[in-house]
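The structure under discussion appears below in the form of structure tokens.
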Amino acid sequence: MDYQFKDIEKKWQQFWATNQTFKADNQSSKPKYFVLDMFPYPSGAGLHVGHPLGYIASDIFARYKRLKGFNVLHPMGYDSFGLPAEQYAIQTGQHPAITTEDNIATYRRQLDQIGFSFDWSREVRTSSPDYYKWTQWIFMQLFNSWYNKDADKAESIATLVAHFESKGSKGINAVSDEEVLTFTADEWKALSSEEQQQELLKYRLTYLRESTVNWCAALGTVLANDEVKDGFSERGGYPVEQKKMMQWSMRITAYAERLLQGLDTIDWPEPLKEMQRNWIGKSVGASVRFGLPGAGNEPHNTQHATDYIEVFTTRVDTIFGVTFVVLAPEHELVAQLTTPEQKATVEAYITQTKKKSELDRMADTKTVSGAFTGSYVLNPLNGEKIQLWIADYVLAGYGTGAVMAVPSGDQRDYLFAKHFNLPIIPIIDIQNIETEADPTKEGKYINSDFINGLEYKEATAAVIAKLEEVGAGKARVNFRMRDAIFGRQRYWGEPVPVYFKDNLPHLISENELPLLLPEVDKYLPTESGEPPLARATDWNYNGFEYELSTMPGWAGSSWYWYRYMDAQNNTEFASKEAIEYWKDVDLYIGGSEHATGHLLYSRFWNKFLKDIGKVVEEEPFKKLINQGMIQGRSNFVYRLTFELEPTEYVQNFDLEEELKASAIRSLPMIFISLDNLDDLNNNVEERVLLENNINNIYLKEELETLRMRVKLNLNIHNKIVSDLHVDVNLVNNETLDWEKFKTWRKEYENAFFVSKGGKYICGVEVEKMSKSKFNVVNPDDIIERYGADTLRMYEMFLGPLEQSKPWNTNGIEGVFKFLRKFWRLFHNDAWEFNVSDEAPTKAELKSLHKIIRKVEEDIERFSFNTSVSSFMIAVNELTDLKCNKRAILQEMVIILEPYAPHICEELWVLLGNEAGTLSYAAYPKFNPEYLVEDEFAYPISINGKTKMNLNIPLSLDVKDTEAFVLANTDVQRYLDGKTPKKVIVVKGRIVNMVV
RNA sequence: GCUCAGAUGGUGGAACUGGUAGACACGCAGGACUUAAAAUCCUGUGCCCGUUAAAGGCGUGCGGGUUCGAUUCCCGCUCUGAGUACCA
């Protein structure tokens, strides 16, 4: 029988499902291997061809590892909480759970069609209560924990309470809010329970904090930064204001150092690690206090936050070059430190700053602006009085919201000083500050008191020592990363398992989990601007109000890989045994867009779960591969822009009306093929020719009656054509199927095509894949035409996995032909299955063992595109050899199985093997003996240019090879009687002669 | 600005540690089969010069360098894509 991919694929997909072929066991004598894909958000649009790229790669890897004798865990699930479903619910009133369910069904159908070897018995959905029960449970553990810096790990809040009770706050080294109380044990005990809880909240790993959000009153909701454009909501264009709100936060900053260090232990793409490093943003420097004059002893040393300005600097060595200090306009001391004379200026400046969005403030790096407060601060090391300014280039949220300005070393400070005429003091002997700041660390210090003559390293150490001595500063490490906001004012997310009593948050008890998402009448905020959950009736905890915000999208995805290990467990998020067996993810494949979101939060939660003893590995994803994005590839047709004009005035003649009344209704649409377009643009004659053609061919009969009444002139517009997107499904290899095109839309029904040789060539552009550009390609269509095996192999054949590339089907025929050719090896000319048991020849064995090694090497380095090519080469070779030997073909079936599982299963059974055993067959063993050659066609080159090839026995050593080459008459002809100065022979590679 | 990735025929791409640049596939051209078409098969296909062939020249973004030999290593530059940012 011919290769009937439809029957074959359906048959085996059913077989795998009924027999649970890919169900993984949590116990095995085999080594474990966990292959994970980033699970999808089930959107209403379904899967497009970009989605499966990573899934196909991971499936090939998973299937390969099974053949290599591993116990493979390869699961799939859905990140099913999220905004689009909620948006849809708001529009249609349908419960998001229902639309989500529908979308999942579509995804599942599409995924099943591609033939993935997922263990569906472990499927997870983040929106399902038996899943989010555990997301809530982890939240509770975070609430019940604090970060002990001495132990460098999270601990139960009980250990903190015990410490407070016995020793007070003394000796606690914790990651906490900035302002915590200092107290003795007795003082602690004297606090009311509420006061104690209030204090403990400052230590918990998830806590309430007032944070600024983008509040859109009209939409009644909080918007993400990228949903805000120039101070207005992207959707609807309503004004957005900065509003302070009590929000749940996650103390991820406690893990900053461990998150940074951990990167060195995992096998991830370097750019991705770099992104996380930048996001964490560790900078090593010092904090320095600039005292306020008149506040007492100078230089200053006091506990009260109001009589000094604290700055963070990475260049504490430049402290003698400080000529002013700048505060962020939002800094809390600004009002207090502004003198009456400067009050008006400063307030005007603050108002001006407030008008600017954060984006504007960041974008405008050219204009220098600021205002003098009228106050001075004192340099702690030389007592010098320096001006205190405010300026919007200093951000309140970073460091301390204040900087010490060193105009000789920092370009921003330099411009500021020049603009406001502030002093600039050079501090390093080799510094050149004529036209710009010079941030050099080379050279020796000048104008710098006790560090004069020193070099960078010793100077830094000396300054820090001095600062510590006078109590005005110390070495400090600063991180850019902030705590993550964890609350969302949305409906379709996990409810936070917290209720409020006396304005304090309390956890519900564990046995009351899951806290189910309540039903609401509408998915909108309330009139008073409370989140949708406030609409739920009778939703309270023994009369106390529940938290009304829900968890963000990343909550459910920050631990889901553990649930796959033990998806059905009712008593734990996963059993200890399951976690100890599977441990971590060996291979994780997904897009790099999750670099600083999902991948950072997951590492954070993982480290926390390890601290509390629930998981065993410090890092969750040992190896990670980013698959590139599949971009859309749009096609264009070019519609001629022309008009007809009457050349004379005729009474009561309106061309438009006459056209409408005529048989043709309107002027025909004429499309110009891309290859004709150049001629038209460059060649006037062509245009005249076309005009004549239009008149004579396209318009002739239709306009005859009109022409009898008035003379018409045809004008082609200056911009000859307008480019229109055309559905890529109507185009094959840039050639338009114009019959289909005519039926695509009513208005094209009578279209004309101008082309060379009857082929209409379309234009191409790479853009985002989107409906409006008609460039979305659905895997279903490809599978319908070519089958899943072709789709799988073609997606791999497209190019390196990590590279972004536009989707195009130009080469898909080649892959399909390859599979047919493979099928043909097992069949005779009458399409009857025909395999021989003869012993294979040397040439056949060579082909086989070449491919065994090649595919092994390629898969191990995730180079799937090259192995597809190699399969083609192997099948071409075996076809040429007319090989139908079982000994060769059966091995081929095993090697190809990860790539094209359906056709291989079918052939496996035709070869007489038991159905379903292929997935666990043994991968063929490579034997290098079959590849040994006794001769090699050496390229013979003269001065590095290859001239000819020469077969030379590999048994010859370097010297004999050289002699063999020089004895050759053809070589002599090339040498033209000259003796080479030097002959380089690389055995088995090349011979090069220098003349 | 900074960080990272990339640039190879008409197209997607290959060339792993410096050793025959362009594998494999698409497309295109020619041919076979066919009444014809589709399908299939065969041949050719980097560019230039050359009637064919031979021979030759040029070729991996650009300019240099190291080397017997560079797509690969080094220096400088251009462009494209991604991330990130008045980060002190």
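Chain letters run A, B, ... following the sequence lines, proteins first, then strands; residues in each count from 1.
Judged by closest nucleotide on RNA chain B, A/Pro271 is the one of A/Ser592 and A/Pro271 placed further toward the 5' end. Each of A/Met872 and A/Lys982 was matched to the nucleotide of RNA chain B holding its nearest heavy atom; the match closer to the 5' end belongs to A/Met872.
Using cut-offs of 30° and 60° on the angle between ring planes, the pair A/Phe797 and A/Tyr794 is tilted. Using cut-offs of 30° and 60° on the angle between ring planes, the pair A/Trp823 and A/His827 is parallel.
Using a 4.0 Å heavy-atom criterion, one finds that A/Asn949 contacts the bases of the nucleic acid, with or without backbone contacts as well. Across all strands, A/Phe797 comes closer than 4.0 Å to base atoms (heavy-atom distances). Using a 4.0 Å heavy-atom cutoff across all strands shown, A/Pro269 reaches no nucleic acid atom at all. Among the protein residues, A/Asp410 comes within range of no part of the nucleic acid, since none of its heavy atoms lies under 4.0 Å from any strand. Counting non-hydrogen atoms under 4.0 angstrom, A/Glu802 reaches nothing in the nucleic acid. Within the nucleic acid shown, A/Asn278 has no heavy atom closer than 4.0 Å to any nucleic acid atom. Residue contacts shown for A/Ile984 include a base, since a base heavy atom lies under 4.0 Å away.
Considering only side-chain N and O atoms, A/Gln803 lies nowhere under 4.0 angstrom from the phosphate OP1 or OP2 of B/A82.
Under the 6.0 Å cut-off for aromatic ring centres, A/Tyr899 and A/Phe871 qualify, their centroids lying closer than that. Aromatic rings from A/Trp831 and A/Tyr3 are positioned such that their centres are separated by 6.0 Å or more. In this structure, A/Phe416 has its ring center closer than 6.0 angstrom to the ring center of A/Tyr393.
Pair check for B/G69 finds none; no Watson-Crick or G-U wobble contact set falls under 3.5 Å. Figure legend. B/C16 is base-paired to no nucleotide; pairs are counted as Watson-Crick or G-U wobble with both atom distances under 3.5 Å. Across all strands shown, B/A36 forms no Watson-Crick or G-U wobble pair with both distances under 3.5 Å. Pairing for B/A7 goes to B/U78, judged as Watson-Crick or G-U wobble with the two contacts each under 3.5 Å. Across every strand in view, B/C28 sits in a pair with B/G44 that passes the Watson-Crick or G-U test at under 3.5 angstrom. With a 3.5 Å ceiling on both atom-pair distances, B/A88 lacks any Watson-Crick or G-U wobble partner.
The C1' atoms of B/U20 and B/C68 are separated by 16 Å, rounded to the nearest whole Å. Nucleotides B/G10 and B/A29, compared at atom C1', are 13 Å apart to the nearest Å. Spacing of P atoms, B/U51 relative to B/G69, comes out at 35 Å, to the nearest Å. Only the P atoms considered, B/C24 is 12 Å distant from B/U43, to the nearest whole Å. Taking atom P on both B/A14 and B/A25, the two are 15 Å apart, rounded to the nearest angstrom. Across the P atoms, B/G1 and B/U72 are found 26 Å apart, a figure rounded to whole Å.
Judged by distance alone, the side chains of A/Tyr414 and A/Ser408 never bring a donor and an acceptor atom under 3.5 Å apart.
Here the nucleotide nearest the side chain of A/Val986, chosen from B/A23, B/A88, B/G19, is B/G19. Of the candidates B/U20, B/A85, B/C24, B/A85 carries the atom nearest the A/Arg480 side chain, counting heavy atoms from C-beta on. The side chain of A/Arg861 approaches B/C16 more closely than any other nucleotide in the set B/A14, B/C16, B/U20. Closest contact between the side chain of A/Arg820 and the listed nucleotides B/C87, B/A39, B/U20 involves B/A39. Considering only the side chain of A/Leu395, B/A88 comes nearest among B/A14, B/A88, B/A25. Across B/G69, B/A14, B/U40, the shortest atom-to-atom separation from the side chain of A/Lys817 is found for B/U40. Closest to the A/Asn810 side chain, of the nucleotides B/C24, B/C26, B/U20, is B/C26. The side chain of A/Arg989 sits closest to B/G19 out of B/A23, B/A14, B/G19. Of the candidate nucleotides B/G83, B/C68, B/C16, B/G83 has the atom nearest to the side chain of A/Met275. The nucleotide whose nearest atom lies closest to any side-chain atom of A/Ile990 is, among B/U20, B/G12, B/G13, B/U20.
Atoms CZ and NZ, on A/Arg315 and A/Lys441 in that order, are 5.5 Å from each other to the nearest 0.5 Å.
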